[in-house]
Amino acid sequence: MEPCPNLAPRDAPAPRTCARIAEYRLDMELCDRLETLADRLPGLPDALWVQQTLESLTAAAARWEEGATALPGLVGHDPARRLYDSAQAYDVIEELQRYWMTPDPARVGQLSYMLRALFEGRLRAMMIERLCLGCSNCAYSAAS
């Protein structure tokens, strides 16, 4: 298997990689929150926690949409994946708000599936991007 052509040589600084750390950390925290929600269904955490999760998800969806063209030509970066994640996030937001306002046991399976599909897809996309942007100078590389 050939290494990604965008990997920096071992001794070269990689500012592109390090600039993305904050975004990946936000996404990892959000994925943890989405997994927690899926695991707790049919129950929900307290209202403040759910509201913070909805706000984080809304911000992430906008960021993914805007970032779809941020890495043109990068092997492993699929702009359509970020757009898909963004659209899927808006669907999750709508369904989670509906369930939060009127919990319906018949919708638990659907909401759980939507939450898991979103965070698993986002984790997969981040792994691919991080593999292509990783460097030996960054402690937060694709191996972490």
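Worth knowing before you read on, the calculation uses all heavy atoms, side chains too, and leaves out hydrogens, waters and symmetry mates.
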- Task: Identify whether Y84 and M127 are in the same connected component of the hydrophobic contact network (ILVMFWY, side-chain heavy atoms under 4.5 Å).
- Result: no
Which pairs would a plain distance check flag for residues 99-106, meaning a side-chain donor or acceptor within less than 3.5 Å of a matching protein atom at least two apart in sequence or in another chain?
{"residue": "Y99", "atom": "OH", "partner": "P42", "partner atom": "O", "Å": "2.5"}
{"residue": "D104", "atom": "OD1", "partner": "A106", "partner atom": "N", "Å": "3.0"}

Considering only distance and modelled atom types, tabulate donor-acceptor pairs under 3.5 Å from the side chains of residues 55-62, sequence neighbours left out.
{"residue": "E55", "atom": "OE2", "partner": "Q51", "partner atom": "NE2", "Å": "3.2"}
{"residue": "S56", "atom": "OG", "partner": "Q52", "partner atom": "O", "Å": "3.1"}
{"residue": "T58", "atom": "OG1", "partner": "L54", "partner atom": "O", "Å": "2.8"}

Please report, to 0.1 Å, the donor-acceptor pairs under 3.5 Å made by any side chain of residues 109-119, with sequence neighbours excluded.
{"residue": "R116", "atom": "NH1", "partner": "D39", "partner atom": "OD1", "Å": "3.4"}
{"residue": "R116", "atom": "NH2", "partner": "D39", "partner atom": "OD1", "Å": "2.6"}

- Note on the structure: Across all chains, not counting sequence neighbours, the side-chain hydrogen bond (donor to acceptor under 3.5 Å, both in side chains) partners of E120 are none
- Task: State which residues pass side-chain hydrogen bond (donor to acceptor under 3.5 Å, both in side chains) with R107; sequence neighbours excluded, sorted by chain then number.
- Result: E95
- Message: Show the nearest heavy-atom pair for residues R81 and G121, with the distance to one decimal.
- Response: NH2-CA, 3.9 Å
Spacing of [atom1] belonging to [X] relative to [atom2] belonging to [Y], to within rounding of 0.5 Å:
{"X": "R25", "Y": "E29", "atom1": "CZ", "atom2": "CD", "value": "9.0 Å"}
{"X": "L96", "Y": "D91", "atom1": "CG", "atom2": "CG", "value": "12.5 Å"}
{"X": "D27", "Y": "L123", "atom1": "CG", "atom2": "CG", "value": "8.5 Å"}

- Message: With a sphere of 6.0 Å drawn around CZ of R124, does it hold more than 12 non-hydrogen atoms of other residues, nucleotides or ligands?
- Response: no
- Task: Using a 4.5 Å cut-off on heavy atoms from C-beta on, say whether the side chain of L26 contacts that of R63.
- Result: yes
- Message: I want to check something: taking the side chain as every heavy atom from C-beta on, are R82 and R122 in contact at a cut-off of under 4.5 Å?
- Response: yes
